[in-house]
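We count ligands from 1, going down the list as the structure has it; atoms in each ligand are counted the same way.
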Amino acid sequence: MFDSKNPQRTPISELGEFGLIDRLVKNAKSKLPNTAFAMGDDAGLIDQGEYFTAITTDLLVEGVHFDLSYMPLKHLGYKSVIVNLSDVYAMNGTAEHITVGIAVSNRFPVEAIEEVYEGIHLACEHYNVDLIGGDTTASSSGLMISITATGRVRKENATMRSGAKDNDLIVVSGDVGGAYMGLQILEREKQVFIENPDMQPELGGHEYILERQLKPEARKDIIDLLHKLEVQPTSMIDVSDGLSSEILHLSKASSHQFNIYENKIPIDPSIYALCEEFNLNTTTVGLNGGEDYELLFTIGIEDHDKIKANPNLSVIGYVKEGSGANLITRDDKVVELKAQGFKHHEG
Ligand code: ADP
Ligand code: MG
């Protein structure tokens, strides 16, 4: 307990986001027999007898997760739904319902909030999800949107972060790094505008990565595809914080070593030239750029034939007994993966 007479003050930065969460929930004990899984995966699971209900929450805060100088309100509404549905799909489930909590300061007219809701409704339409409630309140500092999504998962299909096993293949959908590069373009044009408000932003030619940042999609299509191909992933997570960070989550939860090949990381061709322009390393962007909302999963080697021809899926590496995660570089060096950046092994 925080005692104001005897204050012990640990800076949050000392723990980091995941350290803070661990500390907050370390004494939580589930009491109910139908709590099938609590904390530590993309969604919690409630046992409903025949199936699981998956529940997940994500909070988006102005100035932290979005900047309204370039994020259109409708896109913001859309994205705030997507980031939640993505976590339901990461359990191999079907998203069904959402509730929306929204805090607004009085600088927003009603029409602005309506625009946010246009995006929310559109996402519900596209993903066959129903909005069933929420909460609305005033905010003294900016806009906040907290969405909770629920979904249904057949018990035998539920995919945790923890099931990867020896010799499994590591697969990622779509491509990574695009949303981050989209953000770089938006930030650059914002600076140009601040310095010279008469300048028009130069966004042409960057449609793909801008869409990745401003209008991401959740990979329901991949869940449907895996079902159709009769592929049951052994572990799965969605790529919200960056490939590297998510690989480490799977590795830790599964207590296995993850090895990925630098030359297998799927990166959109448009990103290569842009990385040069921004003086960024493409691999670093692919590993650490977040917000792509792709699915990262492992499959048994026997399922390789079922997925190998699919252009939406890239096999990027393999699982071994052990711990941690490695990047095998283009010149065959083994580099330990870190959540942010990567460091070379000595010797
Ligand atoms: P994701 O990126 O999939 O949304 P997070 O990294 O936000 O997951 O959270 C990691 C895990 O910690 C999840 O299982 C989440 O439910 C749980 N979690 C995060 N914040 C809290 C909190 N304040 N209280 C309880 N559980 C939390
Ligand atoms: Mg997630």
Side-chain angles (χ1 to χ4, degrees), residues 2 10 12-13 15-32 35-46 52-61 64-66 79-95 98-101 103 123 127 129 144-151 153 158-164 170-174 176 179-180 216-220 222-223 233 235-254 258 287-298 338-340:
F2 182 74
T10 309
I12 291 173
S13 58
L15 300 179
E17 180 192 343
F18 299 121
L20 175 63
I21 297 171
D22 285 349
R23 182 152 151 179
L24 295 177
V25 302
K26 70 170 188 269
N27 295 325
K29 283 194 195 73
S30 299
K31 294 168 291 302
L32 306 180
T35 305
F37 190 88
M39 272 119 24
D41 218 296
D42 294 286
L45 294 178
I46 299 172
F52 291 130
T53 292
I55 304 199
T56 178
T57 296
D58 264 296
L59 170 63
L60 300 187
V61 175
V64 179
H65 300 99
F66 59 89
K79 184 169 177 174
S80 59
V81 177
I82 293 308
V83 302
N84 280 278
L85 303 188
S86 179
D87 278 323
V88 174
Y89 300 133
M91 305 304 291
N92 207 8
T94 308
I98 60 164
T99 59
V100 177
Y127 288 86
V129 163
M144 285 173 243
I145 306 178
S146 173
I147 294 190
T148 296
T150 71
V153 196
T159 309
M160 316 301 294
R161 296 177 178 179
S162 55
I170 306 169
V171 185
V172 67
S173 64
V176 290
Y180 177 81
E217 301 290 352
R219 298 309 305 255
K220 177 179 190 299
I222 299 294
I223 296 306
S235 68
M236 185 150 57
I237 189 169
D238 68 326
V239 183
S240 52
D241 293 336
L243 191 60
S244 189
S245 166
E246 314 306 357
I247 284 175
L248 286 164
H249 282 310
L250 290 187
S251 154
K252 192 173 170 200
S254 294
F258 277 54
L287 286 173
N288 298 324
E291 298 193 285
D292 292 309
Y293 301 103
E294 295 295 343
L295 291 171
L296 173 73
F297 55 94
T298 52
K338 297 281 166 197
Q340 289 294 318

Heteroatom distance test (Arg161, ligand 1): nitrogen or oxygen, under 3.5 angstrom: yes
Heavy-atom nearest neighbour of atom 24 (N) of ligand 1 within options Leu20, Asp58, Val25: Val25
Sub-4.5 Å side-chain heavy-atom contact between Phe66 and Leu60: yes
Which residues pass the side-chain hydrogen bond (donor to acceptor under 3.5 Å, both in side chains) test with Arg161, sequence neighbours left out? Asp42
Suppose we measure from atom 2 (O) of ligand 1 to each protein heavy atom; which comes out shortest, and what is that distance? Ser240 OG, 3.4 Å
Contact check, side chains of Lys220 and Val129, non-hydrogen atoms, under 4.5 Å: no
Nearest heavy atom to atom 1 (P) of ligand 1, choosing from Asp87, Ile21, Asp22, belongs to Asp87
Just need the protein heavy atom nearest to atom 11 (C) of ligand 1, so name the residue and atom and give the distance. Gly40 N, 3.9 Å
Is any N or O atom of Met39, backbone or side chain, closer than 3.5 Å to an N or O atom of ligand 1? no
Mind checking what makes side-chain hydrogen bond (donor to acceptor under 3.5 Å, both in side chains) contact with Thr159, not counting sequence neighbours? Asn92, Gln232
Within-cutoff protein neighbour (heavy atom, under 4.0 Å) for atom 18 (N) of ligand 1: yes
Sort and list the pairs that fulfil salt bridge (charged side-chain N to carboxylate O under 4.0 Å, His left out) and have at least one residue in residues 79-89, not counting sequence neighbours. Lys79-Glu291
Of the backbone atoms (N, CA, C, O) and the side-chain heavy atoms from C-beta on, which set of Thr56 has a member under 4.0 Å from an atom of ligand 1: side chain, backbone, both, or neither? neither
Minimum side-chain heavy-atom gap Tyr180-Asn288 below 4.5 Å: no
Heavy atoms only: which of Asp41, Leu59, Ile55, Thr57 is nearest to atom 15 (C) of ligand 1? Asp41
Within the structure provided, determine whether Phe18 and Asp241 are in side-chain contact (heavy-atom separation under 4.5 Å). yes
Hey, which of Thr35, Leu32, Ile55 is the one that makes side chain to side chain contact (heavy atoms under 4.5 Å, CB included) with Ile46? Ile55
For atom 7 (O) of ligand 1, what's the nearest protein heavy-atom neighbour? Residue, atom name and distance, please. Glu17 OE2, 4.1 Å
Kindly indicate whether the side chain of Asp58, heavy atoms from C-beta on, has any atom under 4.5 Å from the side chain of Ser80. no
Any chance you could lay out the side chain to side chain contact (heavy atoms under 4.5 Å, CB included) test for Leu85 and Ile98, step after step, and finish with the verdict? CA-CA 9 Å; Leu85 303 188; Ile98 60 164; 4.2 Å; yes
For atom 6 (O) of ligand 1, what's the nearest protein heavy-atom neighbour? Residue, atom name and distance, please. Phe18 CE2, 3.2 Å
Can you confirm whether some protein heavy atom lies under 4.0 Å from atom 22 (C) of ligand 1, or whether none does? no
If you define the side chain from C-beta out and look only at heavy atoms, does anything of Val83 sit under 4.5 Å from Ile147? no
Have a look around the Mg ion (ligand 2) and list protein N/O/S atoms under 2.8 Å, or say none. Asp42 OD1, Asp87 OD1, Asp238 OD1
Quick one, Tyr293 and Ser240 - any side-chain contact, counting heavy atoms below 4.5 Å? yes
